[in-house]
Colleague: 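Next up is a structure, given as structure tokens.
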Amino acid sequence: MGPRSSKALCRLLESGALAAAEGLLGYVLVHQAPEGRLAGRIVETEAYTEDDPASHCFPGRTERNRAMFGPAGHAYVYVSYGMHRCMNVVTGHEGRGEAVLIRALEPLEGVEAMIVRRGWQGRAARDLCNGPGKVCQAMGIGLEFYGANLLAGGALRLEAGRLLANESIRVTPRIGISKAVDWPRRFVVRKSGP
DNA sequence: CGGCCGATTCGCT
DNA sequence: GCGAATCGGCCGC
């Protein structure tokens, strides 16, 4: 990924969570892990903004959500239900609390390592990364990446990618929330053509 | 300081 | 489909 596409991605993220949630589909999330390169194409996202009752930053700034108010392109990682981690890409300008939750990846590289990290017992390839907790477990994303810059070529980063000609985007309400349940802020890649 | 509640996942009914 | 596992943030006492 050259500096030009990195700049384009930065602009996309700064443009806001809604546009970024849609625009991130097809981009590749990469973790240069001890076992090697783990990579997956983003195929499902959700947008969370400051005015959104379902967002972690709706109540205001706290120690937990401070990364969401930081600059675009950094990671907001949180613990879910005590046992899972979920990763967001921070969007918008510094001072605004918003981010895009990475809900699912299509595994591209390091699939064997992902299977090991997920626990291979009876696990189909399609069940590796189809959920925000699964994404972090398969990719080895923990709280050590809280606030990490994903655009700086670090161990965890975003790389250019795109949708295929036979893929389109479906917009639906978000999953697993209890507030603003009908807001259409979930973006899913679906196979559309032949 | 005690209690409650998740942007979830998995296994069992 | 349902419920348990599990823990840190946040609110109320």
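Residue numbering restarts at 1 for every chain, and letters A, B, ... go by the order of the sequence lines. Keep in mind the model is a prediction, meaning the values are calculated, not measured.
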Colleague: With a cut-off of less than 4.0 Å, is there a side-chain N or O of A:Arg103 near OP1 or OP2 of B:dT8?
Modeller: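 Yes, within the criterion.
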
Colleague: Expressed as a whole number of angstroms, how long is the span from A:Leu128:CG to B:dT9:C1'?
Modeller: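 After rounding, the gap between these two atoms is 14 Å.
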
Colleague: Within this structure, what is the NZ-to-P distance between A:Lys179 and B:dC5, rounded to whole angstrom?
Modeller: 11 Å

Colleague: Rounded to whole angstroms, how far apart are NE2 on A:His84 and C1' on B:dT8?
Modeller: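 Between C1' of B:dT8 and NE2 of A:His84: 4 Å.
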
Colleague: Can you check the distance between C:dG1 and B:dA7, where both ends of the measurement are the P atom (answer in whole Å)?
Modeller: 22 Å

Colleague: Can you check the A:Met83 CE to C:dA5 C1' distance for me, whole Å?
Modeller: 4 Å

Colleague: To the nearest Å, give me how far apart CD1 (A:Ile175) and C1' (B:dG6) are.
Modeller: 15 Å

Colleague: Contact class for A:Leu101 (heavy atom, under 4.0 Å): base, sugar-phosphate, or nothing?
Modeller: base

Colleague: Nearest-Å distance, OH (A:Tyr78) to P (B:dG6)?
Modeller: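 Atom OH in A:Tyr78 sits about 12 Å away from atom P in B:dG6.
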
Colleague: Rounding to a whole Å, what distance do you find between A:Arg118:CZ and B:dG11:P?
Modeller: 10 Å

Colleague: Determine, using ring centers only, whether A:His74 and A:Tyr146 are less than 6.0 Å apart.
Modeller: no

Colleague: Taking atom P in both C:dA4 and B:dC4, what distance in whole Å separates the two?
Modeller: 15 Å

Colleague: Run the side chain to side chain contact (heavy atoms under 4.5 Å, CB included) test against A:Ala21 and tell me which residues pass, sequence neighbours left out.
Modeller: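 By the side chain to side chain contact (heavy atoms under 4.5 Å, CB included) rule, A:Ala21 matches A:Thr45, A:Ala47, A:Val100, A:Phe187.
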
Colleague: If the C1' atom of C:dG8 is compared with that of B:dC10, how far apart are they to the nearest Å?
Modeller: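 Per the computed distance, 22 Å lies between those C1' atoms.
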
Colleague: Let me confirm one number: the CG-CD1 distance from A:Leu25 to A:Ile169, rounded to the nearest 0.5 Å.
Modeller: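 Those atoms lie 5.0 Å apart.
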
Colleague: Heavy atoms under 4.0 Å is the rule here; annotate nucleotides 8-13 of chain C 5' to 3' with B where the base is hit, S where only the sugar-phosphate is, and - elsewhere.
Modeller: -SS---

Colleague: Please name the nucleotide paired to C:dC7 by Watson-Crick or G-U wobble geometry with both distances under 3.5 Å, or report none.
Modeller: B:dG6

Colleague: Can a salt bridge be assigned to the pair A:Glu46 and A:Arg174 using a cut-off of 4.0 Å between side-chain N and carboxylate O?
Modeller: no

Colleague: Do the side chains of A:Glu94 and A:Arg96 get close enough for a salt bridge, i.e. N-O under 4.0 angstrom?
Modeller: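 Result for this pair is no, no salt bridge flagged.
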
Colleague: What's the CZ-P distance between A:Arg117 and B:dT9, to the nearest Å?
Modeller: 17 Å

Colleague: So how far is it from A:Met114 CE to A:His31 NE2, rounded to the nearest 0.5 Å?
Modeller: 10.5 Å

Colleague: Would you check if the distance from the ring center of A:His56 to the ring center of A:Tyr78 is below 6.0 Å?
Modeller: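 Yes, the ring of A:His56 comes within the 6.0 Å limit of the ring of A:Tyr78, centre to centre.
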
Colleague: Using a cut-off of 4.0 Å on non-hydrogen atoms, how would the nucleic acid contact of A:Met68 be classed: base, sugar-phosphate, or nothing?
Modeller: base

